[in-house]
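One structure follows; several queries about it will come next.
Read the numbers this way: they start at 1 and go in the same order the structure lists the ligands and their atoms.
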Amino acid sequence: MPELSKRTETFTDSVIRRMTRISNQYGAVNLSQGFPDFEPPRELLDRLAEVSNEDFHQYSITWGAQNFREALAEKQSRLMGRRIDPNAEIVVTCGSTEAMMAAMLTVANPGDKVIVFSPFYENYGADTILSGAEPIYVPLYPPEFNFDPNELEAAFRQKPKALILCNPSNPCGKVFNYDELKIIADLAEKYDAFVITDEVYEHIVYAPHKHTYFASLPNMWERTISCSSLSKTYSITGWRLGYIIAPPHIIDAAKKVHDFLTVGAAAPLQEAAVTGLRFGDHYYRQLAEKYTEKRDLFLKGLDDIGIAHTNPQGAYYVLLDISEFGYECDLDFCEKLAEKVGVGAVPGSSFFRENVNHLIRLHFAKRNDTLNEALNRLSDIYKLRK
Ligand code: GLN
């Protein structure tokens, strides 16, 4: 038989999604793959039911249904502080996963370098491999996960084509402040690089931290490819609705990539989601409040149990320090945690370029009773100590 492609040999399946399968196998409370177990807003579900009897069952325009792009442009124009053209500056994709992949394929040639902060969301590793780009990793240092501007400039001196910015950040919960973003912006301009953002947690930010859209920084619109999705904002991760916002000449190229990758996102779901895109600002305030309550509940529970952890400024993940448990392999620890304690987590090593084996990631996008059940089980975690 002929060999399969070399490309696929260089990465594994997603450890995040593998941990969901392992959690299910042991009947664990799955705090690994980040998705909610509470319902999306009722208005979206009601609209979805109606849409099934309306005329939305064939392809929408490949770069997104007109109605969806117009509602999205209106919302994002309000938030990003510039008038976004729904026809020339948006491509609707199958989740931010496709948006990021399409963005990479749009800007990077095989052999181009791309800066990735470490820790990073694991898809970026596969995105670089699939597009033939070579990552340059720049560390983020705990506890605040700050970067060293000199290290970042050294990476830019290698003439990368782009930098990938996940803000708010998965898995470390960092929200980049204006001054940090300005340092990145100045370097992107000085070394003439694109910035590809992943801003799926744009509405999940804990006071006093605030989300700043990278594209809204001075001179950054021209070189920023903003990727995001509706998954986290409206609790609809299974709908796979994401998008790219960028200047017209970038979107022209991204439309072609997207067209041949997937043709388009699901038409009935785009139509139903318009209801969410048209929500007023109070919806986003309530979402942030709801997640603030969940964060406080979960972190307090971890403190009561006595496990050291990070303090997220945004997104819905927390990294737990398992150094004291005596494991060399965090994947082994996570398997034991699912099996013996009944809680699913993601090994931290799948997010770090550096050799990090002492962290695991849990998420708290769950109903309060699910979080309390997980905490109840986690109170037994010390039985895993070797
Ligand atoms: N973003 C989520 C996580 O990090 C899940 C992403 C996914 O599986 N597509 O867990």
key: Considering all heavy atoms, the nearest Gln58-Ala267 contact   = O-CB, 3.3 Å
Minimum-distance protein heavy atom relative to atom 6 (C) of ligand 1 = Tyr121 OH, 2.9 Å
remark   = Near Gln33 (heavy-atom distance under 4.0 Å), the atoms of ligand 1 are 5 (C), 7 (C), 8 (O), 10 (O)
inquiry  = Using heavy atoms and a 4.0 Å limit, tell me yes or no: is Tyr317 in contact with ligand 1?
reply    = yes
query = Shortest non-hydrogen contact from Ser216 to Met80?
reply = CB-O, 3.5 Å
query = Should Tyr201 be listed as contacting ligand 1, given a heavy-atom distance under 4.0 Å as the test?
reply = yes
ask   = Residues in ring pair (Phe, Tyr, Trp, His ring centres under 6.0 Å) with Phe56, at least two apart?
value = none
task = Check each heavy atom of Val346 against ligand 1 and say whether those closer than 4.0 Å belong to the side chain, the backbone, both or neither.
result = neither
task = Could you check atom 1 (N) of ligand 1 against the protein and tell me its nearest heavy-atom contact, residue, atom and distance included?
result = Lys232 NZ, 3.1 Å
ask   = Hey, does Arg361 sit under 4.0 Å from ligand 1 if you only count heavy atoms?
value = yes
message = Closer than 4.0 angstrom, basic N to acidic O: yes or no for Lys340 and Asp380?
response = no
task = Look at the side chain of Glu89 and the backbone N and O of Asp85, then say whether any donor-acceptor pair between them is shorter than 3.5 Å.
result = yes
Asn170: numbered ligand 1 atoms lying under 4.0 Å from its heavy atoms = 1 (N), 3 (C), 4 (O)
Show which side-chain atoms of residues 237-255 pair as donor or acceptor with protein atoms under 3.5 Å away, not counting sequence neighbours.
from   : atom 1 : to     : atom 2 : distance (Å)
Arg240 : NH1    : Thr237 : O      : 3.0
Lys255 : NZ     : Asn87  : O      : 3.1

ask   = What protein heavy atom is closest to atom 9 (N) of ligand 1, reported as residue, atom name and distance in Å?
value = Arg17 NH1, 3.2 Å
ask   = Going through the distances and angles, do Asp127 and Ile164 end up as a side-chain contact (heavy atoms from CB on, under 4.5 Å)?
value = CA-CA 11 Å; Asp127 289 347; Ile164 295 180; 5.6 Å; no
Sub-3.5 Å N/O-N/O distance, Ile16 and ligand 1 = no
